[in-house]
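Below, all heavy atoms of this structure are taken into account, side chains as well, without hydrogens, waters or symmetry copies.
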Amino acid sequence: MKNKKLVYICSPYRGDVEKNTKDALEHCAAAFAAGYIPIAPHVYFTRWADDNDKKERAAGLEAGKQLLLLCSEIWVFGLDKPSKGMQAEIATAVRNGIRVYDGELKTGTAPAVNEAARAAYKDILVSTFSPLVDIIANAFAPIVQKIRSAALVSEGGKK
């Protein structure tokens, strides 16, 4: 049996918790169907830890980062409008050389990618992370654009 890659599912939790949890489970199912082992701490940590308790939330976020470090990729759902928790996960991935993908493109559920979404992604990288990442973001933006363009052209957005 071939070893499957671990992929971290990064998506919103707070707000509409019921919908966001349902969406995260669907993202996990799509990743599993594509041959990956999905890791989505916000789906299961919140079953025993209180996300509204500051200490428990902080511990859960830290444990999630430790799991992220075991993954080869992070698939971000809602890349154009990530929450603060998602931004921290993306930053951890970037700092540790973990490949960051638009999860909607990886699962073939992406709407048409527009220039505003690309600009928002770059702005998030530049404004959220250290000045060193500013250099990385400027170099990374054209690569993200090429990956998205190739994915949208390839089989109508499906890989």
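For Ala24 against Ser11, the heavy-atom pair with the smallest separation is CB-OG, 3.7 Å. Summarising the geometry of Pro12 relative to His42, their closest heavy-atom pair is O-CD2, 3.9 Å, with the distance given to 0.1 Å. Taking all atoms of both residues into account, the shortest heavy-atom contact from Gln87 to Pro82 is NE2-O, 3.2 Å.
Counting only heavy atoms from C-beta outward, the side chains of Leu69 and Asn96 approach each other to under 4.5 Å. Leu68 places a side-chain heavy atom less than 4.5 Å from the side chain of Ile98. Looking at heavy atoms from C-beta onward, Ile9 lies in side-chain contact with Phe77 at the 4.5 angstrom threshold. Counting heavy atoms from C-beta on, the side chains of Tyr13 and Thr21 come closer than 4.5 Å. Looking at heavy atoms from C-beta onward, Val76 lies in side-chain contact with Ile74 at the 4.5 angstrom threshold.
Separating the OG1 atom in Thr92 from the CD atom in Glu62 is a distance of 8.0 Å, to the nearest 0.5 Å. From Cys71, atom SG reaches atom CD of Glu89 across 10.5 Å, with rounding to the nearest 0.5 Å. Separating the OH atom in Tyr44 from the SG atom in Cys28 is a distance of 7.5 Å, to the nearest 0.5 Å.
A cation-pi arrangement is present between Lys4 and Phe32 under the rule of less than 6.0 angstrom and at most 45 degrees off the ring axis.
No donor-acceptor contact under 3.5 angstrom links the side chains of Tyr8 and Glu73, judged on distance only.
Listed by first and then second residue, the side-chain hydrogen bond (donor to acceptor under 3.5 Å, both in side chains) pairs involving residues 26-35 are Lys22-Glu26 (not counting sequence neighbours).
The backbone N or O of Lys55 sits less than 3.5 Å from a side-chain atom of Asp53, completing a donor-acceptor pair.
Residues meeting the side chain to side chain donor-acceptor pair (under 3.5 Å) test with Asn20, sequence neighbours left out: none.
Hydrophobic clustering (side-chain heavy atoms under 4.5 Å, transitive across Ile, Leu, Val, Met, Phe, Trp, Tyr) keeps Leu61 apart from Ile39.
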Would you sort out whether Val7 and Ile37 count as a side chain to side chain contact (heavy atoms under 4.5 Å, CB included), showing the intermediate values?
CA-CA 6 Å; Val7 62; Ile37 298 173; over 6 Å; no
